Student: 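Mind looking over this structure? Questions follow.
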Amino acid sequence: MSVHEALPSSALLDAELWDALCGLGHQADFASGETLLFEGSASESMLVLEAGLAAVSVADPAGDEVFLAFRGPGSLLGEFGYLDRRPRSAMVRAVAATRCRVLPRPVLDRFLAADPRAGQALSAAVVAKMRAVTDRRVRYAQGRIGTRIGRVLLDHADEFGTPGQGDDVVIEVPLSQGRIADLVGAGTRIVGLELARLQEAGLVDTGYRSRPRRLRVLDPVALAVRVDGAA
Ligand SMILES: Nc1ncnc2c1ncn2[C@@H]1O[C@@H]2COP(=O)(O)O[C@H]2[C@H]1O
């Protein structure tokens, strides 16, 4: 299977651009916990995430990390800084063994100058990411806290889920209570209470006993109905 065949349906790059970018630059491997991009550092390259998983976060004014998103295979990383030449807007860290293609600025400049359609495809990928960020920003901030948390779980089940044994979906990324709390702008304790409620209702398994710990959405259809009144 070629790498782009392995892309999740949520991948924001078209296959042609993906193949071309993966033929440029050099490969870099990161162990879980290693930093791919440092917030505030100079933007001298763009990365293409080929395999693994990264977490994007920013430091709040107190210096605490606020989680923004997971990025999986098929994602661009560092495209903001590449395009606007400003320092990195966020910290990007591997949360599993991760393989990237590193495209130094001069290499990518040459490639885009030779193929204007690639530049358009790159812009389209950036805009698609921003649309997704805006959509989530609204849905994670509006409504009851249980509703907002339900939307986070459904989105992650959709993007990073694998089928369980029945109708359930295992969320294959470390979506901790702290990360959910950051996404919905609530405290970790409230998130814990709401997850316990969803577990009691038979909709979610918080995965206390699983190693590595993974959340499971036991009944995605029922959770979607509870959250937004529709499957
Ligand atoms: N809200 C976000 N969601 C997903 N990825 C992001 C978000 N904000 C920043 N990034 C990524 O994190 C990278 C940090 O470096 P750049 O600003 O160059 O490019 C940024 C994007 O690739």
Side-chain angles (χ1 to χ4, degrees), residues 7-14 17-18 21-22 24-25 28 30 32-61 63-96 98-109 111-112 118-119 121-142 148 151-152 154-156 158-160 171 173-176 178-185:
L7 288 181
S9 55
S10 58
L12 300 177
L13 280 185
D14 72 54
L17 178 60
W18 169 261
L21 293 177
C22 288
L24 300 172
F30 299 88
S32 181
E34 272 190 275
T35 300
L36 281 64
L37 299 173
F38 288 88
E39 184 177 356
S41 67
S43 300
E44 294 308 331
S45 60
M46 188 181 84
L47 273 55
V48 176
L49 199 159
E50 290 185 286
L53 185 71
V56 183
S57 62
V58 285
D60 72 8
D64 293 325
E65 244 182 68
V66 179
F67 172 71
L68 291 177
F70 292 110
R71 307 308 319 164
S75 301
L76 297 180
L77 295 169
E79 74 280 36
F80 297 176
Y82 169 74
L83 287 170
D84 71 4
R85 294 177 178 268
R86 294 182 57 200
R88 299 298 186 196
S89 61
M91 179 84 104
V92 183
R93 232 188 243 121
V95 288
T98 294
R99 196 181 73 223
C100 290
R101 210 71 209 165
V102 179
L103 317 181
R105 180 177 292 283
V107 171
L108 195 51
D109 284 349
F111 169 73
L112 294 177
L122 180 61
S123 303
V126 174
V127 173
K129 181 185 274 185
M130 288 324 297
R131 283 182 185 272
V133 168
T134 303
D135 177 63
R136 288 189 173 194
R137 167 77 187 76
V138 172
R139 291 185 316 107
Y140 295 173
Q142 302 299 318
R148 286 146 53 193
R151 290 176 184 146
V152 169
L154 287 168
D155 284 352
H156 285 76
D158 216 30
E159 189 170 359
F160 299 107
I171 298 178
V173 290
L175 186 62
S176 62
R179 285 182 169 136
I180 298 172
D182 286 348
L183 291 176
V184 298

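Whatever order the structure lists ligands and atoms in, that order sets their numbers, starting from 1. From a predicted model like this one, the values you see are computed outputs, not experimental measurements.
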Student: Holding to side chain to side chain contact (heavy atoms under 4.5 Å, CB included), I want the full list of residues that pass it with Ser41, two or more places apart in sequence or in another chain.
Tutor: Phe38, Arg88
Student: Should the pair Arg93-Glu65 be classified as a salt bridge under the 4.0 Å nitrogen-to-oxygen rule?
Tutor: yes
Student: Should Met46 and Leu122 count as side-chain neighbours, where that means a heavy-atom distance under 4.5 Å?
Tutor: yes
Student: Check whether any side-chain heavy atom of Val58 lies under 4.5 Å from a side-chain heavy atom of Ser89, and answer yes or no.
Tutor: no
Student: Less than 3.5 Å apart, any donor N or O on the side chain of Asp109 or Tyr82 sitting next to an acceptor on the other?
Tutor: yes
Student: Look at Glu39 together with Arg86 and state whether they make a salt bridge at an N to O cut-off of under 4.0 Å.
Tutor: no
Student: Around ligand 1, what residues show up once you keep those with a heavy atom under 4.0 Å from it?
Tutor: Leu37, Val56, Leu68, Ala69, Arg71, Leu76, Leu77, Gly78, Glu79, Phe80, Gly81, Arg88, Ser89, Ala90, Val92, Lys129, Val133
